[in-house]
Every structure is written in structure tokens, then in C-alpha cells.
Amino acid sequence: MIKSDKLIKIHEKDNVAVALTDIKSGESLTLGDFKLTALEDIAKGHKIAYRDIAEGENIIKYGFPIGHATKSIKAGEYIHTHNIKTNLKGLLDYTYTPDIHEMAAMPAGINAEFMGYKRENGEVGIRNEIWIVNTVGCVNKTAELLAKKANEIYAGKTDGIFAFPHPYGCSQLGDDHAATQKILANMVKHPNAAGVLVLGLGCENNNIPEFKKVLGEYNEKRVKFLSTQDVNDELEEGLKLIGELVEYAQSFKREKLPASKLIVGLKCGGSDAFSGITANPLVGMFSDMLVMHNGTTILTEVPEMFGAETILMNRCVNEDIFNKTVNLINDFKKYFIRYNQEIYENPSPGNKKGGISTLEEKSLGCTQKGGSSNVVDVLDYGDRVKTPGLNLLRGPGNDIVAVTALMAAGAHMILFTTGRGTPLGSPVPTIKISTNTDLYNRKGNWIDFNAGQLLDGKDMSQVSKEFFEFVLKVASGEVKTKNEENGYREIAIFKDGVTL
């Protein structure tokens, strides 16, 4: 990486540099020993040609092609959607070329413990909350009213009582109905919830007796059920059951636990050109550090692996996991094709405004959240994680759907990088990491940690150590995330079928 006050070149192979500030046409620019004149205005975060690039030649960023030039580009010209086009195509055949390695030892001086709650089944939680999980959207407002009243009655006795509205649980068929049940069942099982009230209506497809078949075994002290059609006063009965759950939750106290018990989801949203330079590499460092401690991380957003998928495939620990990754990628491409949608027209208006031109560019930045660890398993949508290390999870890039899938897979918390900013929160603590200092300063009510300090001169080794310790403080309850402070907790369930 070469950096000056106005430009950064990420990889020695790159033929583009990224503007660190707005650049005016005619400005003379220096990058190491190289001098360049801007031939156009270039906005902060956007790309400038580092040398002449011929029509059809690959444009290189992060050391990999992010597309090809649609016309000749002179050194100093602006590169964006008007003169670059993706190289990506449809379904591909892949060859397993292993690039796996043993993880290095953990750096000295890093605290590798946190204070968490050990549950009766041996699982670990980082919050001691009561969750109201609806079997159907018809009781959303009942659940919200119960949570409001219960928080008034039982204030201070748990880490809070929360409801999670959603529109499903009835009038769905086949795989959609099964997916809804799996996500909700995994919410019930989530160890951040010391107690759970499963709230139903009574006539829905996903009625409580049917839902219990999917849920399987459960602790009767921890999980209570209420079908609102079966009682005269659902609020009175619901508050009574929540009171029993609160009493049970109070039997748990925080205790010292190793970082190996942590499961952390990895997500990005509202990216900009600095996402792949600051926040995503920082999260990748965290992922590697946690894996060094035998902890677990989960990477999702499959469409945002397109173009960088071979990097992940070659890090699969064996050919079986490689084949699962191939299926993960190609099955999601088939989903696009089935609905006659363009597979590779992915960067959102916000991403493009932030300087991201193609899906390859987005993906090469996104996948850095997985660090350099080996891929140990591939999870289907609605699966729970079972193998320590870096896992891949089937799910879309959509922020609310993705964070819900990560939570349902077992993530205690989610690391969420953003260059544009978002208030979004999941049911679990959601640490927002800004890619730039300006966002951190402007949106202090959203952002928890500033990765932009990496552009301001701080060293990655120092920032990654600070970030690792910050995450452990969040896990220990010493720090609340902004989504927790603001009460931003949302879920959304992936839908791919008929609603009656």
C-alpha cells in the first residue's frame, strides 16, 4: 500500500488509485516517487487511473480485476461506471486449488476473556434478555404491547424485554413456511435470551403445536407458550408468563469465559470506497484473531461474494467444503436467473455514489471481513453454526435479512461496517464500524467504532488490538452498542415463494 495526503494505491499490481479527498482537474498529485496530473474532477473515495489503460484491459484494484475498460483511459482520468464494465458471467465451473494454512499464534498482551452468561445447556449468552417470539404476524401489536408493559413492571431485573414484529407464519407454502419456522425456532434457542415467550394466535399455519415440532426439545423454565385465542385476556396471561421468565433469568450471573465461546456475525452495508481499505480489513483482522482463540465467525451476503468467490473457495479446509461453497455461489446465481434478474448489477446507488463501480469491486472489499482464515463450514439459510472457525452462510446482501440470518445462525453479536451510515439493529448487539472519520463524527448516534483512524495515520496492529478489546467489552456488557441504546432491533425473513 502506498499513501499520500490525497491518494492511496492499495496493491502494487493496481492500475488505479483512490482519492482520499476531493481532487480538482489540473491538480498535480504525488504518490511515493510517482507524479500524476488529474485530468478531471474526482470525488473523495473515487478512482483515478494510475497509468494509461487500453480499451478492454482489466482495471485492477486490491490486486485483482474489478472489471475492464470500455474505452481507452489516460493516466489521471476518472474511472467509474461510465468507463468500466464487469467481467463477471453466469454459472461457472470451479477447480479446488487449496490455499489453506495454520493460523498464527495469538499476539501477546491481548485479553482473551469476557464476562458472559452460561446457560443450563452449556451454551453461552452475552445478554440476559427476555424475548417475545411471534409464531405469526397477526400478534405483532400484542407482542409489542406486552414488551412495553413488561419493561415497566420488571425494569432493571433483566437486560430488557423485547418483541420482534414480522409479517409471516401464515399463508406461506413449502420452503418459505419452513424457512420462517427455522428462523423463529433458532430465535427461541438463542442464548442471549435467558427466557422466551412464544406468542401465537391459534389458527395460523405455524400454530404452536406445529411450531413445537420444529423447535424440538426445550427447557420448560426457559420457554413459555401462549396462544392468544385460547385465553380471555392475553395481556394478563402474557405478563404472568413473562414474570415467570424474569424470575428464571435472574438465576444467571455473568462469569468469566474464554473468547473461544464467542460467535460473531460479519456484515457490511452502505459501503463506500474506503470499506475495503479500513473497516472491512479491520473486521478481517478481528475474525482472524478470534479464530486464533478457537472462536467462531460467520460471513454471509452471498451476492457480495460474486467476483471474489475463488479466494474463499481456495481457503476451504477440504474438497467437501469447497463443493458446498461452489453450490452456495451457483445456487444463489440460479435464484437471480429464475426471476430473470441480472446477476451482476449489484452496487446500490449509495455504493456507486461512494465510489464503488462494479460488483467485483464491492465483493473484493466485502470478503475482506473474513480475514485470511480457512473456511471450515458452509451453512444453509436457517442453519445454526456448529464448527469453530470461519463459516459461510447462505443469505442475501439485504441488511435486515442478513443480520437476521446471522442471529439465527447463533451469532452473539454482529460487526457491521458502513461508509454511508445506517441506524439498523438486529436482535443482538450490532457494532457499527465507520470506514471514515467524517461519518463517525457526524453520526455518533449510530456509529460505535471508527475505522477511519486507519486513514488518519494509526497503525492497523494498534487499531485491531483496540477493536478486539472493544468487542470483548461489548460482549461483557461493559459497553452497550448504539442499536441497543436506541432500541433499534429488527428482523426480516427471506421470502422466495407464494403467499396465499
If only side-chain N and O atoms count, and only distance matters, is there a donor-acceptor pair under 3.5 Å linking [Y] with [X]?
| X | Y | result |
| --- | --- | --- |
| T158 | N128 | no |
| D175 | Y381 | no |
| Y94 | E309 | yes |
| N219 | N121 | no |
| H80 | S357 | yes |
| N140 | N134 | yes |

Within the side chain of [X], is there an N or O that forms a donor-acceptor pair under 3.5 Å with the backbone of [Y]?
| X | Y | value |
| --- | --- | --- |
| K362 | T358 | no |
| N374 | L390 | no |
| S363 | E304 | yes |
| T435 | F274 | no |
| K369 | C366 | yes |
| N207 | G202 | no |
| D377 | V385 | no |

To the nearest 0.5 Å, how far apart are [atom1] in [X] and [atom2] in [Y]?
| X | Y | atom1 | atom2 | value |
| --- | --- | --- | --- | --- |
| F114 | L262 | CZ | CG | 4.0 Å |
| K333 | D331 | NZ | CG | 11.0 Å |
| I59 | T70 | CD1 | OG1 | 7.5 Å |
| T228 | L235 | OG1 | CG | 10.0 Å |
| I447 | T481 | CD1 | OG1 | 11.5 Å |
| L215 | N186 | CG | CG | 9.0 Å |

Can you tell whether the side chains of [X] and [Y] come within less than 4.0 Å, N to carboxylate O?
| X | Y | answer |
| --- | --- | --- |
| E152 | K149 | no |
| K118 | E255 | no |
| D383 | K182 | yes |

List the steps and the verdict of salt bridge (Lys or Arg N to Asp or Glu O under 4.0 Å) for D496 and R338. CA-CA 11 Å; D496 182 28; R338 190 163 70 248; 2.6 Å; yes
The side-chain hydrogen bond (donor to acceptor under 3.5 Å, both in side chains) partner of Q172 among N205, T180, N206 is T180
Determine, for Y248 and R222, whether the Lys NZ or Arg CZ falls below 6.0 Å from the six-membered ring centre while staying within 45 degrees of the axis.
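No; the conditions do not both hold, so R222 does not lie above the ring face of Y248.
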Centre of Y168's six-membered ring, under 6.0 Å away, within 45 degrees of the axis: is that where NZ or CZ of K495 sits? no
Under 3.5 Å, sequence neighbours excluded: what are the donor-acceptor pairs made by side chains of residues 399-427?
residue : atom : partner : partner atom : Å
D399    : OD1  : K267    : NZ           : 2.6
T404    : OG1  : I400    : O            : 2.7
T404    : OG1  : A492    : N            : 3.0
T404    : OG1  : A492    : O            : 3.4
H412    : ND1  : I263    : N            : 3.0
H412    : NE2  : V124    : O            : 2.6
T417    : OG1  : N280    : OD1          : 2.6
T418    : OG1  : G269    : O            : 2.8
T418    : OG1  : G270    : O            : 3.3
T418    : OG1  : R420    : N            : 3.3
T418    : OG1  : G421    : N            : 2.7
T422    : OG1  : L424    : N            : 3.2
S426    : OG   : V428    : N            : 3.1
S426    : OG   : V428    : O            : 2.9
S426    : OG   : T430    : OG1          : 3.0

Check: F286 ring centroid to F449 ring centroid under 6.0 Å: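 No.
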For [X] against [Y], the heavy-atom pair lying closest together:
| X | Y | value |
| --- | --- | --- |
| T367 | L312 | CG2-CD1, 4.0 Å |
| L201 | C138 | CD2-CB, 3.9 Å |
| L359 | F306 | CD2-CB, 3.7 Å |

Practice item. Name the orientation class of the two ring planes belonging to F332 and Y335 (parallel below 30°, tilted from 30 to 60°, perpendicular beyond 60°). Key: perpendicular
Contacts satisfying salt bridge (Lys or Arg N to Asp or Glu O under 4.0 Å) that involve residues 123-138 (not counting sequence neighbours) are E123-R384, R127-E484, E129-R489
Inset, instruction - Could you give me the CA-CA distance, side-chain angles and deciding distance for T135 and V198, then say whether side-chain contact (heavy atoms from CB on, under 4.5 Å) is met? - result: CA-CA 7 Å; T135 63; V198 178; 3.6 Å; yes
When you compare the side chain of L266 with that of S287, does any pair of heavy atoms fall below 4.5 Å? yes
